[in-house]
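Got a structure here, written out as structure tokens. Questions coming.
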Amino acid sequence: MTTAQPIHLAEQSSSAEPIPVIIDCDTGVDDALALLFAVRHPGLDLRAVTCVAGNTDVDQVVRNTLTVLDRAGAPDLPVARGAERPLIEPARPASHVHGRDGMGDLGLPAPTTRTAVDVDAVTLLRREILGSPRPVTLIPTAPLTNIALLLRTHPEVTRNIERIVFMGGAVATGNATPVAEFNVWHDPEAAAVLLTAGVPITMYGLDVFQRVVVPAADVQRLRTSTEPGASLAGELLAHRDPAASGDPTPTGGLGDAGAVCAVADPPGLTTSLLPVEVSLTPGPTRGQTVVDRRRRHGESEIHQGTREQALVDVGLDVDVNRYVKLYLQTIETR
Ligand code: BDR
Ligand code: CA
């Protein structure tokens, strides 16, 4: 059995240089918040963004991603289109949460000069990971289809991956189903591939994801900002209104951006190294992340023996004020 001990992701980088990161996303209101933060945080070197079907279809995800990078004032960085559906099941978008366009139907303009690169997401991921002078931290904030395809097609990439910090899963309650979180539920087989990647993995699941909420006064200040990135953050945070959308995350939720905060500021997230398994069976548990928090083996192991299970650093607690402050400072400092 494993001992629950807080880990600090900061240990992943001993140098003061920015951490090379790649975000794989389904932009997505809160993916957009994550991108804005990653572009503006001085401790992160965002090297590429890859897109996958999830909150909306993959072409709309690409468009949204390029628009957000425009508004963030991001440098020219490669963006690639990835999988248009999960490995096995059809795509099932979350338009009731993210709007028809995936961006809260805010009426954002099409990207101006940016376009996607002419290679697919898996090819771009391989190129950027192996080409990075220092090991890359991968931050998937979406269904894990692109990541599973990458790991199966080019397993050699793991030699230059420092850690994968993914938004997905839940220890307690799900959102797509009573027990399954959307990103894992959308492509459970892909999530199972991720968990057995053989690299250090941090699960930033719903248990912490739903807790980091920006107070209404701060959201309002952002909305009225004259700076394009800050005002977009304000509009996106204001969109997440449970009364209007049915989304259980209250207005102001950082959502996926919290996972990027965990890379930039590891001490804000407390994790325990625990066995995690994805339920792949059809039925009510499909897509559930089964996290073993028991302190000793039970009858199952006693009578049937142990099975090999992935050990994952599971986010169990988060310093909410710390991440809210970090987010606001990062977005508003230009
Ligand atoms: C996850 O699902 C999506 O709706 C969000 O962007 C987030 O990545 C939460 O379950
Ligand atoms: Ca997402």
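Quick caveat, the model's predicted, so the values are computed rather than measured. Only this structure's heavy atoms are used, side chains among them; waters, hydrogens and symmetry mates stay out. Numbering of ligands and ligand atoms starts at 1, following listing order.
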- Task: Please say which of Val260, Val136, Ile139, Val165 ends up in a side-chain contact (heavy atoms from CB on, under 4.5 Å) with Val21.
- Result: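 Of the listed options, the one satisfying the test is Ile139.
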- Message: Between Thr27 and the Ca ion (ligand 2), is there a contact where an N/O/S atom of the residue lies under 3.0 Å from the metal?
- Response: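 No - counting backbone and side chain alike, Thr27 has no N, O or S atom under 3.0 Å.
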- Message: When you measure from the side chain of Asn160 to the backbone of Ser132, do you find a donor-acceptor pair of N or O atoms at a distance under 3.5 Å?
- Response: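 Yes: the side chain of Asn160 pairs with the backbone of Ser132.
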- Query: Side chain, backbone, both or neither: which part of Asp30 comes within less than 4.0 Å of ligand 1 when only heavy atoms are counted?
  - Reply: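 Near ligand 1, Asp30 shows its side chain, while the N, CA, C and O stay back.
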- Task: Could you tell me the angle subtended at the Ca ion (ligand 2) by OD1 of Asp31 and OD1 of Asp26, rounded to 10°?
- Result: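 It comes to 80°.
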- Sidechain N-carboxylate O distance under 4.0 Å for Arg163, Asp313: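 Yes, this pair counts.
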- salt bridge (Lys or Arg N to Asp or Glu O under 4.0 Å) between Glu235 and Arg71: does it pass, once the steps are laid out? CA-CA 12 Å; Glu235 290 303 321; Arg71 282 284 286 267; over 6 Å; no
- Query: What class does the angle between the rings of Phe209 and Tyr204 fall in, given that below 30° is parallel, 30 to 60° is tilted and above 60° is perpendicular?
  - Reply: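 Phe209 vs Tyr204 ring planes: perpendicular.
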- Heavy-atom contacts with Asp31 under 4.0 Å: which atoms of ligand 1 show up? List them by number with element.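 The list of qualifying atoms is 6 (O).
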- Item | Side chain, backbone, both or neither: the part of Asn175 lying under 4.0 Å from ligand 1 by heavy atom |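 The answer is the side chain of Asn175.
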- For Asp292 against Leu274, the heavy-atom pair lying closest together: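 In this case the closest contact between Asp292 and Leu274 is O-CD2, 3.5 Å.
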- Query: Which atoms of ligand 1 have any heavy atom of Met167 under 4.0 Å away?
  - Reply: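 Selected atoms, number and element: 1 (C), 7 (C), 8 (O), 9 (C).
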- Query: If you count the atoms of ligand 1 from 1 in the order shown, which ones are under 4.0 Å from a heavy atom of Phe182?
  - Reply: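 Within the 4.0 Å cut-off of Phe182, ligand 1 contributes 2 (O), 3 (C), 10 (O).
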- Taking 4.0 angstrom as the limit, do Arg40 and Glu227 come out as a salt bridge?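 The answer is yes: the pair qualifies as a salt bridge.
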- Query: What atoms of ligand 1 come within less than 4.0 Å of a heavy atom belonging to Asn183?
  - Reply: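 Numbered from 1, ligand 1 contributes 1 (C), 2 (O), 7 (C), 8 (O).
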- Salt-bridge present (Glu89, Arg286; N to O < 4.0 Å):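 Judged by the 4.0 Å cut-off on N to carboxylate O distance, Glu89 and Arg286 do form a salt bridge.
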- Message: Nearest 10°: the angle subtended at the Ca ion (ligand 2) by Thr141 O and Asp256 OD2?
- Response: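 Rounding to the nearest 10 degrees gives 90°.
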- Nearest option to atom 1 (C) of ligand 1, as decided by whichever heavy atom of His186, Glu181, His96, Gln210 sits closest: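 Ranked by closest heavy atom to atom 1 (C) of ligand 1, first place is Glu181.
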- Checking only N/O/S atoms, does Asp30 have one that is under 3.0 Å from the Ca ion (ligand 2)?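 False for Asp30.
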- Task: Look at ligand 1 and say whether Asn55 reaches it with a heavy atom at a distance under 4.0 Å.
- Result: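 Yes; Asn55 lies near enough to ligand 1 that a heavy-atom distance drops under 4.0 Å.
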